[in-house]
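Scope of the values below: all heavy atoms of this structure, side chains included, with no hydrogens, waters or symmetry mates. Heads up: numbering here begins at 1 and tracks the sequence. Both ligands and their constituent atoms are indexed starting at 1 by order of listing.
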Amino acid sequence: MSGLDPQDWTSMRALAHRMMDDVFDRAEQVGSGPVWQPMPQTIRDAFKRELPRQGRAAEILYGEFLEQIRPYSNGNIHPGFMGWVQGAGTPVGILAELLAASLNDNCGGRDHAAIEVERQVIRWAAEMVGMPEEASGCLVTGSSLANFISIVTASRAVDPSLRQQGVSGRKLVGYAAETAHGCVSRAFDLAGLGSDALRLIAVDELYRMDETVLAERIREDRKAGYHPFIIIGTAGSVDCGAVDPLEALADIAQRENCWFHVDGAFGAFARLSPEHAIMLDGIDRADSLALDFHKWGQVPYDAGCVLVRDRAAHAQAFSQSLSYLTRADRGLAGNAPWPCDFGPDLSRGFRALKVWMTLAHYGTDRLGEMVATCCDVARYLAERVENDARYLLMAPVALNIVCFTLVDLDDDAVDELVKDLHESGIAAPSTTRIEGRLVIRAAIVNHRTTRRTIDAMLDQIALLAEKHGS
Ligand SMILES: *Cc1c(COP(=O)(O)O)cnc(C)c1O
């Protein structure tokens, strides 16, 4: 027997139809079961088998998927999921993943349609945030990598010889708010700049970077012989959704001859809601930008995106010329530059198809309405919290993230309450620390979360609070 295709296409096709029906039955009833449930030990143990020497029928494996995998999934397609910052996916996204897998394109480069689809998606992303049409970019796993690529590009714009010589001796430093996502300091670490080279700037009472403190710190660093090269603004902070003063940061970056990067992982999508777009003014002045289609864009995981205003600077930071990757003027090896010229990945899947189908199917007006609805649901939660003496609202609600706690509960009790809430299957917010206090954090990134979901969560919290109360 040679090759791996089935001998019996009829039964493979029947299995495929059955799967499709199950997938859409469940999509139609999403929200009817628990958000999440813990995986029993016996089922965990089913994934400790030896490497299979002999194969088993796909029908049997599908049965195992239904019994052992599907019931214990992450839960972020469920309306009750409000933890961290996670998108919920869409039926069109499910189909796009299937279609992309059927082509199995390698999108590192070369001359095929998937590359054009990705270029289309990058131009759309640039238009969404007000970057020029000639901006470059590529799809990546997520904003962690998009921020990394941006920081690497910015450092090499200072001095391209960094690529050969490393950063040794150069005292490059960058700036972000103390509330910036942890992947920013990790990017400094991975880029060889060292995480100490990222200066964390204090925030004001609205949790936005304090621009006066920033300007002062840059002055001090210059005096001490450092070379400030990048200012990183956050559009939608991960703990409470704050937006840094982007216009002011862009002005300072211009004056100080620094690269201006914006981490817009989820917040960039607020640009699609006419009511919220104004909060992100200044994002259009970014030299580079990170955003995640898999968060507020609702594209299935994973679908991060990096945009760089200056295409030449972007290519200068990553492109290589290698004999086994020669670009031709025609034939399959044509169509340069390739996505592999704009980041560290060579082999890459066809992420662009699911992004293209999502944007083209819903349109940005509808996606903007969805973003506005999420913010409205967050505001509703904040109002219920503020109008109830048992609760405390712990941070201003700028967009879609609500941090709150219960007056009578200490940190340990809140921690236990949230774990109980997860195990109840009703709702899954996460936690964070605000002013040193552990708080419940509900991020409404999920297009399925409604006011009714919020009511159900608060009812369950009230029940659990009696159990954990003093
Ligand atoms: C989620 C997030 C990140 C990290 O993005 P991933 O897609 O998880 O890698 C970075 N910054 C902010 C503000 C985020 O919300």
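In the vicinity of A265, heavy-atom distances shorter than 4.0 Å reach the ligand 1 atoms 2 (C), 3 (C), 10 (C), 11 (N), 12 (C), 13 (C), 14 (C), 15 (O). Of all the atoms in ligand 1, the ones that sit under 4.0 Å from a non-hydrogen atom of G142 are 7 (O), 9 (O). Shown in contact with F266 at under 4.0 Å from a heavy atom are these atoms of ligand 1, numbered in order with element: 15 (O). Contact atoms of ligand 1 toward G236: 13 (C) (distance under 4.0 Å to a heavy atom of the residue). The contact set between ligand 1 and D292, taken as ligand atoms under 4.0 Å from a residue heavy atom, comprises 5 (O), 6 (P), 7 (O). Short contacts between ligand 1 and H294, defined as distances under 4.0 Å to a heavy atom of the residue, involve ligand atoms 7 (O).
Using a 4.5 Å cut-off on side-chain heavy atoms (C-beta onward), V85 and V238 make contact. Residues I149 and F318 form a side-chain contact, since some pair of their non-hydrogen atoms from C-beta on lies under 4.5 Å apart.
Using a 4.0 Å cut-off between charged nitrogen and carboxylate oxygen, R437 and D410 do not count as a salt-bridge pair. A salt bridge does not link R70 to D22: none of the charged nitrogens lies less than 4.0 Å from a carboxylate oxygen. Ion pair R285/E247 flagged as a salt bridge, since at least one NZ, NE, NH1 or NH2 atom sits closer than 4.0 Å to an Asp/Glu carboxylate oxygen. No salt bridge links R351 with E118; every basic N to acidic carboxylate O contact stays at or beyond 4.0 Å. For the pair R199 and D221, the salt-bridge criterion is met [side-chain N within less than 4.0 Å of a carboxylate O].
Remark: K171 qualifies as a cation-pi partner of Y226 under the 6.0 Å distance and 45° angle criteria applied to the six-membered ring.
Selection from S144, G182, A443 by nearest heavy atom to atom 9 (O) of ligand 1 gives S144.
Of all protein heavy atoms, the one lying nearest to atom 10 (C) of ligand 1 is H181 CG, 3.3 Å. Taking atom 11 (N) of ligand 1 as the reference point, the nearest protein heavy-atom neighbour is D263 OD2, 2.7 Å.
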Quiz: residues 119-127 side-chain donor-acceptor pairs under 3.5 angstrom, not counting sequence neighbours:
| residue | atom | partner | partner atom | Å |
| --- | --- | --- | --- | --- |
| R119 | NH1 | E116 | OE2 | 3.0 |
| R119 | NH1 | N335 | OD1 | 2.8 |
| R119 | NH2 | N335 | O | 2.8 |
| R119 | NH2 | P337 | O | 2.9 |

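Residue K295 has at least one nitrogen or oxygen atom sitting less than 3.5 Å from a nitrogen or oxygen atom of ligand 1, judged on distance alone. Below 3.5 Å of separation, one finds an N or O of S143 facing an N or O of ligand 1.
Heavy atoms of C183 approach ligand 1 to within less than 4.0 angstrom.
Contact annotation: for W84 versus ligand 1, there are no heavy atoms closer than 4.0 Å.
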